[in-house]
Novice: 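I have a structure I would like to understand better, so I am pasting it below and will then ask my questions one at a time.
Proteins get letters first, then strands, A, B, ... in listed order; numbering begins at 1 in each.
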There are 2 protein chains.
Amino acid sequence: MKMKSAKTPNLSLPKGATSHRKRPKIQDVATLASVSLGTVSAVLNGNGRISAATRNRVRTAIASLGYHPDLYASNLARKSTQVIGLVVSNLQNPFFAETAQAMEEEAGRHNHQISLMATNFSPERQRAAVERLLGARIAGIAVITSEHDQDARKLVLASGIPSVFLDVDKPIRNSATISVDSRGGMQAAVEHLIKLGHRDLLFVRNSEKENGTVLLSHKLRDEGFATAVRAYNSLGLNTNTVDISGPGADAGQRAIASAIGRVRFTGIVTVTDTVAMGVYRGLQARKLRIPQDVSVVGFDDAYFCRFLNPPLTTVSISREELSRMAVEALLQPQLPSGRGRSFNLGTHLIVRESTATPNTKSRTMRAG
Amino acid sequence: MKMKSAKTPNLSLPKGATSHRKRPKIQDVATLASVSLGTVSAVLNGNGRISAATRNRVRTAIASLGYHPDLYASNLARKSTQVIGLVVSNLQNPFFAETAQAMEEEAGRHNHQISLMATNFSPERQRAAVERLLGARIAGIAVITSEHDQDARKLVLASGIPSVFLDVDKPIRNSATISVDSRGGMQAAVEHLIKLGHRDLLFVRNSEKENGTVLLSHKLRDEGFATAVRAYNSLGLNTNTVDISGPGADAGQRAIASAIGRVRFTGIVTVTDTVAMGVYRGLQARKLRIPQDVSVVGFDDAYFCRFLNPPLTTVSISREELSRMAVEALLQPQLPSGRGRSFNLGTHLIVRESTATPNTKSRTMRAG
DNA sequence: CTGAAAGCGCTTACAG
DNA sequence: CTGAAAGCGCTTACAG
């Protein structure tokens with residue numbers, strides 16, 4: 001036992017180390033199985049033809065030692081990893097959670113794993129996530145976020161690994177982009193209400209800025225609304241917009257509280273289903289019935305839409321298709337000379353029970 | 001433009017490799033900055049006192065090369081990693097998604113990162129997740145799942161790294177367990193209904209088996225229900241139970257469809273909020289009002305509870321407290337001689353608007 | 001079918 | 001404050 005000063009306990013382990021038993025390594029397995037280290041590696045990876053007898057000896061040794069190959073050592077020695085980095089905004093948000101799930105399944109079909117990072121809408125965290133993934137020598141990276149960070153994008157592009165981005169404004173050189181037709185989706189939503197007979201429309205949107213620019217997906221939804229309204233202008237539409245301050249349901253609820261009595265509406269279109277959930281709450285708190293008094297349309301087709309009361313009419317974005325595009329973009333990258341590949345992802349309206357012909361009586365509802 | 005043969009391009013890259021530019025390594029940075037490799041490492045890790053001038057030269061070189069340390073190489077060379085492995089059942093489920101989020105924040109406070117794996121309730125995937133995490137030489141592992149796999153548990157324990165499990169039946173030697181007081185929570189839920197005056201109770205539970213055993217958390221909820229009913233037996237309660245076949249909202253909806261007209265109830269208690277969401281739907285499809293006709297109580301306090309119509313009375317499990325316990329169990333493990341450390345996590349009832357005094361008229365509702 | 005050896009890209013004493 | 005060298009635990013030609 002060595003002498004040490006009183007300050008540092010003489011049995012202290014290195015910082016971070018705990019009292020684990022020593023981790024067995026491949027050499028331990030080889031010794032126990034009386035084979036060489038290369039042989040153990042071969043049975044672990046299914047390479048080479050190892051006799052059944054040897055293989056069994058090795059397997060037994062592995063089990064009895066509780067051996068697990070060290071990920072870092074094996075990936076360092078290996079040429080490539082079979083993992084796709086996935087950056088999403090937030091896992092609480094059903095759209096991202098469902099997309100992450102779909103991505104994992106799609107990647108699995110190509111024998112790849114997903115390494116998942118959430119940014120919580122923070123550009124700093126997006127950068128950190130990208131750096132961490134790049135350090136992990138991933139096979140490709142998908143940035144499926146609503147916010148976008150220029151630095152993070154530069155890092156990705158500079159790395160030269162295959163990449164794909166969701167909803168950015170234009171094609172990216174040597175990368176791929178997936179553009180969701182949010183504009184068309186929103187347009188369809190508004191037209192649906194108009195065709196049902198609604199003339200007094202309220203748009204609950206979130207124009208919160210990220211890095212000084214409005215999210216493209218939200219901008220497209222704005223445009224879709226405007227386009228539809230313009231197309232039916234001759235019908236004498238009365239439209240109003242409420243801006244909310246965040247992606248939460250609470251904001252949707254507050255939006256309604258502030259709009260009621262101030263503006264007239266029989267149909268509401270919202271930026272996301274989560275916001276629509278808050279809108280339901282706001283409406284119901286004022287004893288307004290959906291769809292008898294007010295029709296509501298959401299956006300995203302989250303899992304819970306079918307279970308709201310009434311089930312929410314919404315615009316669907318297929319997570320499966322999105323995942324297929326993303327994985328294809330990463331695993332079958334175009335020739336590097338490419339100007340940037342772009343995928344288009346359609347949306348479609350799913351009509352459920354939250355929308356109906358407006359009640360003429362309630363149409364006159366206005367400021368008290 | 002180079003000539004290539006039609007079949008095998010003579011410039012073909014090794015399989016798995018794509019056309020990335022060569023990844024810079026620490027030596028490249030050192031050369032560019034005219035320092036030694038050890039110096040670069042020191043500035044990367046903030047070790048040693050490097051002169052500001054040198055540090056800047058190194059930083060510039062890093063930036064201009066787009067250098068990212070290789071995670072595998074650095075972790076291989078390092079003694080320990082600062083990451084906690086977290087295994088959850090499913091990320092679609094709000095309870096797990098919210099817990100994962102809380103764990104990440106709590107771990108962050110201790111300068112640790114989370115490596116997250118979802119099992120989708122599959123024991124095989126649980127085992128695979130554990131193996132992958134063990135290969136990653138994590139500092140500790142938290143198994144926060146509703147299903148449990150014996151093999152996975154053995155692997156964890158054999159590894160000797162600090163571990164913590166949620167909701168297992170008894171303390172685990174050399175490990176830690178967190179027991180949620182689901183029994184007490186359910187008991188409180190039932191008592192709440194009884195005290196409001198409900199005498200006809202329906203329990204919508206999920207007794208689906210995993211590996212031949214009912215989930216402990218569900219068993220405890222069953223017991224809580226039974227205990228409460230027994231305690232108030234003298235009041236002449238009429239109780240019924242419907243078993244559903246899965247964790248989804250659909251199952252809850254079907255449960256109600258099958259119960260209505262067959263049994264009498266004015267108050268419903270459900271195993272989870274997600275199921276309660278389906279129950280709402282089932283009730284509302286039959287034009288039954290909540291809480292005027294039927295009161296409903298959920299379990300978990302998912303994000304969406306506040307936004308259902310009406311807001312759902314439920315039993316809350318604190319994700320923050322759970323995370324604190326888990327991280328403490330991992331980062332401040334008891335002496336290895338310990339018999340197994342156990343934490344108890346309380347639950348509490350949150351009364352919202354889905355429960356009320358029963359309407360005497362609807363109490364008599366029964367089979368047609 | 002098996003073994004010895006080089007090398008993956010870092011970190012970390014250690015010597016200057 | 002800086003540099004040369006050993007070593008982390010694997011994989012993968014290569015030679016038998």
Side-chain angles (χ1 to χ4, degrees), chain A residues 2 14-17 20 22-58 61-62 65-82 131-132 134-137 159, chain B residues 14-17 20 22-58 61-62 65-82 131-132 134-138 159:
Chain A
K2 296 189 181 157
K15 210 185 159 195
H20 318 158
K22 220 166 78 270
R23 198 187 155 100
K25 52 185 72 166
I26 200 170
Q27 183 59 68
D28 299 329
V29 176
T31 306
L32 182 57
S34 321
V35 294
S36 83
L37 174 167
T39 305
V40 178
S41 177
V43 349
L44 282 172
N45 300 297
N47 302 332
R49 357 207 121 270
I50 309 291
S51 71
T54 307
R55 202 183 314 127
N56 281 332
R57 274 217 316 288
V58 171
I62 288 174
L65 289 173
Y67 169 76
H68 293 273
D70 184 304
L71 177 76
Y72 303 107
S74 68
N75 274 338
L76 177 57
R78 230 188 273 279
K79 293 282 174 288
S80 64
T81 59
Q82 299 278 83
E131 297 210 325
R132 199 174 153 204
L134 292 179
R137 238 195 293 120
S159 77
Chain B
K15 205 182 166 201
H20 319 158
K22 221 167 76 270
R23 196 188 157 99
K25 52 184 73 167
I26 200 170
Q27 182 60 67
D28 300 328
V29 177
T31 306
L32 183 57
S34 321
V35 295
S36 83
L37 172 167
T39 304
V40 178
S41 177
V43 349
L44 282 171
N45 300 296
N47 302 333
R49 0 206 120 269
I50 310 290
S51 71
T54 308
R55 203 182 312 127
N56 281 332
R57 274 217 317 289
V58 171
I62 288 175
L65 288 172
Y67 170 76
H68 293 275
D70 184 303
L71 177 76
Y72 303 108
S74 68
N75 275 338
L76 177 58
R78 230 189 275 276
K79 293 281 175 287
S80 64
T81 59
Q82 299 278 81
E131 297 208 326
R132 199 173 154 206
L134 292 180
R137 238 197 292 120
I138 47 175
S159 77

Novice: Going from OG1 on T81(B) to CG on L71(A), what distance comes out if it is rounded to the nearest 0.5 angstrom?
Specialist: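 CG of L71(A) is found 10.0 Å from OG1 of T81(B).
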Novice: What is the distance from CG of L44(B) to P of dT11(C), rounded to the nearest Å?
Specialist: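 Result: 6 Å.
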Novice: So, for R137(A) and D70(B), which heavy atoms are closest and what is the spacing to 0.1 Å?
Specialist: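 It is NE-OD2, 2.7 Å.
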Novice: What is the distance, to the nearest angstrom, from the CG atom on L76(A) to the P atom on dC8(D)?
Specialist: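 It works out to 13 Å between those atoms.
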Novice: Applying side-chain hydrogen bond (donor to acceptor under 3.5 Å, both in side chains), can you list everything that pairs with S41(B), at least two apart in sequence or on another chain?
Specialist: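 Partners of S41(B) by the side-chain hydrogen bond (donor to acceptor under 3.5 Å, both in side chains) criterion, ordered by chain and then number, come out as N45(B).
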Novice: Nearest-Å distance, CZ (R137(A)) to P (dC8(C))?
Specialist: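 Answer to the nearest Å: 11 Å.
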Novice: Which nucleotide wins on minimum distance to the side chain of V35(A), given the candidates dC10(C), dC10(D), dG3(C)?
Specialist: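 Minimum distance to the V35(A) side chain belongs to dG3(C).
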Novice: Whole angstrom is fine here: how far is it from CD1 in I26(A) over to P in dA4(C)?
Specialist: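 The distance from CD1 of I26(A) to P of dA4(C) comes to 14 Å, rounded to the nearest Å.
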Novice: For R132(B), give me all partners under side-chain hydrogen bond (donor to acceptor under 3.5 Å, both in side chains), at least two apart in sequence or on another chain.
Specialist: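 With neighbours one apart ignored, the set is Q113(A).
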Novice: Take the protein atom CD of Q27(A) and the nucleotide atom C1' of dG9(D), then report the distance between them rounded to whole Å.
Specialist: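 Spelled out: CD on Q27(A) to C1' on dG9(D) is 10 Å.
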Novice: Take N1-N3 plus N6-O4 or O6-N4 for Watson-Crick, N1-O2 plus O6-N3 for G-U, both under 3.5 Å. Which runs of 3 or more such pairs involve DNA chain D?
Specialist: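 Result, WC/G-U stems under 3.5 Å: C:1-3 with D:14-16, C:5-12 with D:5-12, C:14-16 with D:1-3.
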Novice: Between dC1(C) atom P and I50(A) atom CD1, what is the distance in whole Å?
Specialist: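 About 8 Å, once rounded to whole Å.
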Novice: Are any of S74(A)'s side-chain N or O atoms less than 4.0 Å away from OP1 or OP2 of dC10(D)?
Specialist: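 For dC10(D), neither OP1 nor OP2 has a side-chain N or O of S74(A) closer than 4.0 Å.
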Novice: Between dT2(C) atom P and R55(A) atom CZ, what is the distance in whole Å?
Specialist: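 So the two atoms are 10 Å apart, to the nearest Å.
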Novice: Once side-chain contact (heavy atoms from CB on, under 4.5 Å) is applied, do any residues pair with L32(A), and if so which ones, sequence neighbours excluded?
Specialist: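 With sequence neighbours excluded, L32(A) shows a side-chain contact (heavy atoms from CB on, under 4.5 Å) to A61(A), S64(A), L65(A), given in chain and number order.
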Novice: Ignoring the backbone of S51(A), work out which of dG9(C), dC10(D), dC1(C) is nearest its side chain.
Specialist: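 Taking heavy atoms from C-beta onward, the closest nucleotide is dC1(C).
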Novice: As a test of reading the structure: which of dG3(D), dT11(C), dC10(D) is closest to the side chain of S36(B), going by heavy atoms?
Specialist: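 Selected nucleotide: dG3(D).
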Novice: Would you say a side-chain N or O of T54(B) is under 4.0 Å from OP1 or OP2 of dC1(D)?
Specialist: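 So the side-chain polar atoms of T54(B) never come under 4.0 Å of the phosphate oxygens OP1 or OP2 of dC1(D).
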Novice: Who are the side-chain hydrogen bond (donor to acceptor under 3.5 Å, both in side chains) partners of S36(A), not counting sequence neighbours?
Specialist: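 Checked S36(A) against side-chain hydrogen bond (donor to acceptor under 3.5 Å, both in side chains); matches are T39(A).
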Novice: Y72(A) side chain to A73(B) main-chain N or O, any donor-acceptor pair under 3.5 Å?
Specialist: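 No; judged by distance alone, with no hydrogens or angles, the pair does not exist.
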Novice: For the side chain of D70(A), counting heavy atoms from C-beta on, which of dC8(D), dC8(C), dC10(D) is nearest?
Specialist: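 From the listed options, dC10(D) comes nearest.
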Novice: Could you give the CZ-to-P distance, from R23(B) to dG9(C), as a whole number of Å?
Specialist: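 Nearest whole value for this atom pair: 9 Å.
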Novice: Does Y72(A) have a side-chain nitrogen or oxygen under 4.0 Å from the phosphate oxygens OP1 or OP2 of dT11(D)?
Specialist: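 False: Y72(A) side-chain N/O out of range (4.0 Å or more) of dT11(D) OP1/OP2.
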Novice: Please find the pair of heavy atoms, one from H68(B) and one from L134(A), that lie closest to each other, and give the distance.
Specialist: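 Closest pair (atom of H68(B), atom of L134(A), distance): NE2-CD1, 3.5 Å.
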Novice: Kindly say whether V35(B) contributes a backbone atom to a donor-acceptor pair with the side chain of R57(B) at under 3.5 angstrom?
Specialist: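 Not at all, since once roles are kept as given, no pair shorter than 3.5 Å links the two residues.
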Novice: Please determine, for the side chain of T39(B), which listed nucleotide (dG3(D), dT11(C), dG3(C)) has the closest atom?
Specialist: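 For T39(B), the side-chain atoms sit closest to dG3(D).
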Novice: Please check: side-chain N/O of D28(B) versus main-chain N/O of K25(B), any donor-acceptor pairing under 3.5 Å?
Specialist: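 Present.
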Novice: When you compare the protein's N or O atoms with those of nucleotides 12-16 of chain D, which come within less than 3.5 Å of each other, and at what distance?
Specialist:
none

